[in-house]
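Just so you know, these numbers come straight off a predicted model, no measurement behind them. Note that these values count all heavy atoms, side chains included, but never hydrogens, waters or copies made by symmetry.
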Amino acid sequence: MSTMQAATVSCPNCGRTNRVPVAAEGRPKCGRCKQPLPWMVDAGDDDFTEVAERADIPVVVDLWATWCGPCRMVSPALEKVATDLAGRIKLVKVDIDKNPRLSQRFEVQAVPTLLVLRRGETVARQAGAAPAAALRQWVEHSITAREG
């Protein structure tokens, strides 16, 4: 792993605080109870390939902007989905204003724009806000429809 950054995540099972690298092989697990941890990180133009495209598990990409009201509503819902699906997905957040190359690459016309990547390839795309239950259903359908 060349990216030395890490995020701090509380284990939803036992509450222990864990450091989770932004890019790594495998799936993060709690140091105390060994349960899967939610994997939620930020990425940008310079580290997106390492953080998102090389991940071993499906990646949900949240392309958002600080000025976007719906983005602020979707963010906690996506974090809930990432927590509920800990060990099955990685959530990668990209601020499009700070990362114009990614915004252009993914042809972002509206924010939030959500993607599901598997091995670096886009397998699902959705624009606009949705509640946590609908987001979870979309993510689960997107990751199970492509498994195999």
Step by step, would you call I143 with I89 a side chain to side chain contact (heavy atoms under 4.5 Å, CB included)?
CA-CA 9 Å; I143 64 176; I89 66 165; 3.9 Å; yes
All heavy atoms of N99 vs all of A43, minimum pair found to be ND2-O, 4.0 Å
Please tell me if the side chains of P38 and P12 come closer than 4.5 Å, counting only heavy atoms from C-beta onward.
yes
Could you work out, with side-chain hydrogen bond (donor to acceptor under 3.5 Å, both in side chains) as the rule, every residue matching E53, not counting sequence neighbours?
T49, R105
Taking side-chain contact (heavy atoms from CB on, under 4.5 Å) as the test, write out the residues that go with R136, two or more places apart.
V81, D84, L85, E140
Considering residues at least two apart in sequence or located in another chain, which fulfil the side-chain contact (heavy atoms from CB on, under 4.5 Å) criterion with T17?
T8, S10
R119 (side chain) donor-acceptor with R54 (main chain) under 3.5 angstrom:
no
Worked check of side chain to side chain contact (heavy atoms under 4.5 Å, CB included) between C11 and N18
CA-CA 7 Å; C11 177; N18 293 264; 4.0 Å; yes
Cluster overlap I96 with V41, hydrophobic side-chain contacts below 4.5 Å:
yes
Note: L102 and D45 closest approach over all heavy atoms is N-OD1, 2.9 Å
Applying a strict under-4.5 Å side-chain criterion to I, L, V, M, F, W and Y, I'd like to know whether V94 and L115 cluster together.
yes
Pairs where residues 90-101 contributes a residue and the test salt bridge (Lys or Arg N to Asp or Glu O under 4.0 Å) is met, not counting sequence neighbours:
D46-R101, D62-K93
Gap separating the OG1 atom of T83 from the CG atom of L37, nearest 0.5 angstrom
9.5 Å
Give a yes or no on whether W67 and V108 share a hydrophobic cluster (residues Ile, Leu, Val, Met, Phe, Trp, Tyr; joining criterion: side-chain heavy atoms under 4.5 Å apart).
yes
Which pairs pass side-chain hydrogen bond (donor to acceptor under 3.5 Å, both in side chains) with one or both residues in residues 26-41, sequence neighbours excluded?
none
Got V74 and L135 here, is their nearest side-chain heavy-atom distance under 4.5 Å?
yes
Apply side-chain contact (heavy atoms from CB on, under 4.5 Å) to A52 and list each qualifying residue two or more places apart in sequence or on a separate chain.
F48, V59, V92, L117
Might you point out which heavy atoms bring A130 and Q126 nearest each other, and give the distance in Å?
CB-NE2, 4.1 Å
Transitively linked via ILVMFWY side-chain contacts under 4.5 Å: M40 with W64?
no
Worked verdict on R125 versus T113 for side chain to side chain contact (heavy atoms under 4.5 Å, CB included):
CA-CA 7 Å; R125 180 183 182 109; T113 293; 3.8 Å; yes
Heavy-atom nearest pair, C14 first then C30, reads SG-SG, 3.6 Å
Cluster question for you: counting only ILVMFWY and a side-chain heavy-atom cut-off of under 4.5 Å, with indirect links fine, are V61 and V51 together?
yes
Correct closest heavy-atom pair for V123 and S142 would be CG2-O, 4.2 Å
Identify the heavy atoms of C71 and P112 that sit nearest to each other, and give their distance.
SG-N, 3.5 Å
